[in-house]
Amino acid sequence: MSRLDDCYNVFDLREAAKRRLPKAVFEFVDRSTEDELALRNNRHAFEKIKLKHRALVDVSGRSTKTTLFGKEIALPMAIAPTGAAGLCWHEGELELAKAAARAKIPFTLATGAMTSMEKIAKEANFRLWFQLYVWKQRELSYQLIERAKNNGFEALIVTTDTIVPPNREYNARNGFLLPFHPTWRFTWDIMQHPTWFTTVLLKYLTTIGMPRNENYPEPYRRPIGTDPGTREVMRQDSLNWDDIRIFRDKWPGILMLKGINRVDDALKAVSYGVDGIIVSNHGGRNMDSAAATLDMLPDIAQAVGDKATVILDSGVRRGSDIVKALALGAKCVLTGRATLYGTAAGGQEGASKAVDFIHTEMNKTMAYTGCNGVDEISTDIFFADRESNRFMAG
Ligand SMILES: Cc1cc2nc3c(=O)[nH]c(=O)nc-3n(C[C@H](O)[C@H](O)[C@H](O)COP(=O)(O)O)c2cc1C
C-alpha cells in the first residue's frame, strides 16, 4: 500500500510530506516565523467556532459549486501562490496546477515558482492567476505583468504583506538560507531522504541542472539559492498605493491585493478599483503578532460588501473551515500548506487528494448544517458561547 493510501485527511498528508522531505524543506513549508503565534492563532480562530447541525432538511441535492468572478468553480477554493512546490516534487507547480485544473478550481502561480508561466499555461490551463512580488526597478514588474497577460492569466494578485524578509529562524538553524551554502547539517539531512534526493533534486540536476526561478525577469533567472543580489532588487519596502494605481492601469483583467488584514486597507483597495481582496497574513509566515485572518474577516467583508470579492487564506485545513469562512463573508478561500503537503506526499495525485479531502469535508459539513448551496451558508449555523458571542446576532 502506498503512503497516499494511508492518508485520510490533510494532517495525514502533512505526516507523509514530513517523512519524504528533507527537514530543511519540510520546515520551510510547514513552519512560520519567530514564536509561531500567528500560525497557531490562524488555526485557533477556525477551531474555536462551533456549528449547530440542523435536523430534517432534505439536502440530497446539495452542491458546493459557486461562481467566482463570473465563472463557475467546483467549490469555493483556489490554490494560493507558494514558491516551494517545485522543491516538494519535481515540477511541483505543474503537478499542483494540474490537480487544480482537474478539480476545477483556480491555481495561482507565484513569482518565485520554478516552473514558467508559459509551461503552466500550456499544460494546466483551467483558471490561472499570477502572483506578483514587486521589483525595486518597477519596469521589471511591468514586464512580468505583460508576460502574464500574454499567457492568458485571468488574474493578477499583488502580494502586499512581505514588506521585509521575515525572521524565519528555523531556516537559519537548518542551513536553508540565501545565498545557499551547503552545510554538513543540510548534506546529512539530504542523505537521510534518498527518495527526495533521487526523485526531485537529482531529476533536476540530470535534466535542466539546478532549477531556476523561471518567472524572474531574464537577468535574475539564475539557479535557485545562488544569487545574493536578488533579495535587494526584490525589496518590497517601497511598495505603496501609487503602484497599485499603475498596476490597475496596466492590468485589464481581475486584480487582487493579497495580504490585506484591516478594514481601512480593504476600503482603500476598493477605491483603487481592485476586484478582489485577499484577507491574508501569509499563513502566519511574516509578522508573528498578526491577527488571525478569520477574526478580521467579518468586519472587512461587511465594510466591502459587494464592491469587491473577499477571499480568505491562512489556516485552512478542513472543509468545515471553508464553511466557516463563507459564513463570515468570504466568497472563497485559498490553501497554501494544505495542498503543498499533498504535492510533497505524492505530486499531482497527492495534491488531488488534499483537494478531494477538503471538498468532501465541506460537502458533509453543508449536509449536517442543512445547507443545500453555498449561498445558504451564514452565521445562523454558528453556536455562540461566551467565547464567540459576537456571532449571536447571526
Ligand atoms: C512554502 C510557502 C511559500 C509561500 N510563498 C508565497 C509566495 O511566493 N507569494 C505569496 O504571496 N505567498 C506565499 N505564501 C503564502 C501563501 O500564498 C498563503 O498566503 C498561505 O500559505 C496561506 O496559509 P496556509 O498555508 O495556512 O493555507 C507561501 C506559503 C508557503 C507555505
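Bear in mind the structure is a predicted one, so any value in this text is a computation, not a measurement. Below, each value reflects all heavy atoms present in this structure, side chains not excepted, and no hydrogens, waters or symmetry copies. Numbering starts at 1 and runs along the sequence shown.
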Is NZ or CZ of Lys52 both nearer than 6.0 Å to the six-membered ring centre of Phe382 and within 45° of the ring axis?
no

Look only at the side chain of Tyr220 and the backbone of Asn215, and say whether a donor-acceptor pair between them is shorter than 3.5 Å.
no

Considering only heavy atoms from C-beta outward, does the side chain of Val274 approach that of Met256 to under 4.5 Å?
no

Over all heavy atoms of both residues, which pair between Ala351 and Thr343 is shortest? Give the atoms and the distance, please.
CB-OG1, 3.7 Å

Lys/Arg-Asp/Glu bridge criterion (N-O < 4.0 Å) met for Asp30, Lys18:
no

Gap between atom NE2 of His90 and atom CG of Leu202 - 0.5 Å precision:
10.0 Å

Would you say Leu156 and Phe126 are hydrophobically clustered, going by side-chain heavy atoms of ILVMFWY under 4.5 Å?
no

Hey, are the side chains of His282 and Lys258 touching, using non-hydrogen atoms and a 4.5 Å cut-off?
yes

Find the distance between OG1 (Thr293) and CD1 (Ile260) and round it off to the nearest 0.5 Å.
13.0 Å

Starting from the C-alpha separation in whole Å, work towards a yes-or-no answer on side-chain hydrogen bond (donor to acceptor under 3.5 Å, both in side chains) for Ser378 and Asp380.
CA-CA 5 Å; Ser378 76; Asp380 172 61; 4.8 Å; no

Output every pair passing salt bridge (charged side-chain N to carboxylate O under 4.0 Å, His left out) with a member in residues 100-118, not counting sequence neighbours, ordered by first then second residue.
Glu118-Arg147

So, the side chain of His193 versus the backbone of Asp189: is there a donor-acceptor pair under 3.5 Å, distance only?
yes

Is there any salt bridge (charged side-chain N to carboxylate O under 4.0 Å, His left out) pair reaching into residues 274-287, and which pairs are they, with sequence neighbours excluded?
Arg248-Asp275

Linking I/L/V/M/F/W/Y whenever any side-chain heavy atoms sit under 4.5 Å apart, do Leu39 and Val316 land together?
no

If only side-chain N and O atoms count, and only distance matters, is there a donor-acceptor pair under 3.5 Å linking Thr335 with Thr339?
yes

Approximate separation, where rounding is to 0.5 Å, of Ile79 CD1 and Thr82 OG1:
8.5 Å

Donor-acceptor check, side chain of Glu95 to backbone of Gln348, threshold 3.5 angstrom: yes or no?
yes

So, do Thr309 and Cys332 sit near enough that their side-chain heavy atoms are less than 4.5 Å apart?
no

Are side-chain heavy atoms of Ile377 and Met366 found at a separation under 4.5 Å?
yes

Expected list for residues 353-362: side-chain donor-acceptor pairs under 3.5 angstrom, two or more places apart:
| from | atom 1 | to | atom 2 | distance (Å) |
| --- | --- | --- | --- | --- |
| Lys353 | NZ | Leu4 | O | 3.4 |
| His359 | NE2 | Thr64 | OG1 | 2.7 |
| Thr360 | OG1 | Asp356 | O | 2.8 |
| Glu361 | OE1 | Gly319 | N | 2.8 |
| Glu361 | OE2 | Arg318 | NH1 | 2.8 |

Which atoms form the tightest heavy-atom contact between Ala17 and Ala345, and what is the distance?
N-CB, 4.3 Å

Got a donor-acceptor contact below 3.5 angstrom from the Asp35 side chain to the Leu37 backbone?
no

How would you list, by chain and number, every residue that makes a side-chain contact (heavy atoms from CB on, under 4.5 Å) with Asn167, sequence neighbours excluded?
Thr33, Glu34, Glu169

Run the numbers on Asn174 and Arg185 for side-chain hydrogen bond (donor to acceptor under 3.5 Å, both in side chains), then give the verdict.
CA-CA 7 Å; Asn174 290 330; Arg185 186 184 292 193; 5.0 Å; no

Between Trp135 and Tyr216, how do the two ring planes meet: parallel, tilted or perpendicular, split at 30° and 60°?
perpendicular

Lys/Arg N to Asp/Glu carboxylate O, Glu154 vs Lys71, below 4.0 Å
yes

When every non-hydrogen atom of Asn240 is compared with those of Asp242, the smallest separation belongs to OD1-N, 2.8 Å

Can you name the ring-ring contact (aromatic ring centres under 6.0 Å, His included) partners of Tyr272, sequence neighbours left out?
Trp241

Nearest heavy atoms of Asn213 and Gly112, plus distance in Å:
ND2-O, 2.9 Å

According to a hydrophobic-cluster definition based on side-chain heavy atoms being under 4.5 Å apart (Ile, Leu, Val, Met, Phe, Trp, Tyr only), do Leu239 and Trp251 belong together?
yes

I'd like to know if the side chain of Glu376 and the backbone of Asn372 have a donor-acceptor N/O pair within less than 3.5 Å.
yes

Tell me whether Lys65 contacts the main-chain N or O of Gly373 through its side chain, where contact means a donor paired with an acceptor under 3.5 Å.
no

Test Ser238 against Arg138 for side-chain hydrogen bond (donor to acceptor under 3.5 Å, both in side chains), laying out the working first.
CA-CA 10 Å; Ser238 65; Arg138 296 296 194 263; 3.0 Å; yes

Flag side-chain contact, heavy atom, 4.5 Å: Thr111 against Phe130:
yes

Heavy-atom nearest pair, Asp295 first then Ala45, reads OD1-CB, 3.9 Å

Reported CH2-to-CD distance for the pair Trp188 and Gln192, which is rounded to 0.5 angstrom
4.5 Å

Is the backbone of Pro219 close enough, under 3.5 Å, to the side chain of Arg222 for a donor and an acceptor to pair up by distance?
yes

Measuring from atom OG of Ser320 to atom CZ of Phe46, what distance do you get when rounded to the nearest 0.5 angstrom?
9.0 Å

Check the hydrophobic clustering (I, L, V, M, F, W, Y; side-chain heavy atoms under 4.5 Å; chains of links allowed) and say if Val158 and Tyr142 are grouped together.
yes

Is any side-chain heavy atom of Tyr368 closer than 4.5 Å to one of Leu51?
no

Check whether any side-chain N or O of Asn151 sits under 3.5 Å from a backbone N or O of Phe153 as a donor-acceptor pair, and report yes or no.
no

So does Gly70 get a backbone contact from the side chain of Thr67, meaning a donor-acceptor N/O pair under 3.5 Å?
no

Within this structure, what is the CH2-SG distance for the pair Trp196 and Cys88, rounded to the nearest 0.5 Å?
9.5 Å

Under 3.5 Å donor-acceptor, Lys324 side chain and Ile49 backbone
yes

Any side-chain heavy atom of Ile322 sitting closer than 4.5 Å to one from Leu75?
yes

Do Thr162 and Asn286 have side-chain N/O donor and acceptor atoms under 3.5 Å apart?
yes

I'd like to check Arg62 versus Asn363 (side-chain heavy atoms, cut-off strictly below 4.5 Å). Are they in contact?
yes

In terms of side-chain heavy atoms, does Asn281 have a donor or acceptor partner in Asn42 at a distance below 3.5 Å?
yes

Where do Thr115 and Glu93 land on the side-chain hydrogen bond (donor to acceptor under 3.5 Å, both in side chains) test, with the steps shown first?
CA-CA 6 Å; Thr115 309; Glu93 288 99 7; 2.7 Å; yes

Presence of salt bridge, Asp313 and Arg337, under 4.0 angstrom:
no

Looking just at side-chain N and O atoms, do Ser32 and Arg40 make a donor-acceptor pair shorter than 3.5 Å?
no

Strictly below 4.0 Å, N to O, side chains only: are Glu218 and Arg221 in salt-bridge contact?
yes

Taking ring-ring contact (aromatic ring centres under 6.0 Å, His included) as the test, write out the residues that go with Phe28, two or more places apart.
Phe176

Should Leu132 and Ile278 be regarded as members of a common hydrophobic cluster, given that ILVMFWY residues are connected when their side-chain heavy atoms come within less than 4.5 Å of each other, either directly or indirectly?
no

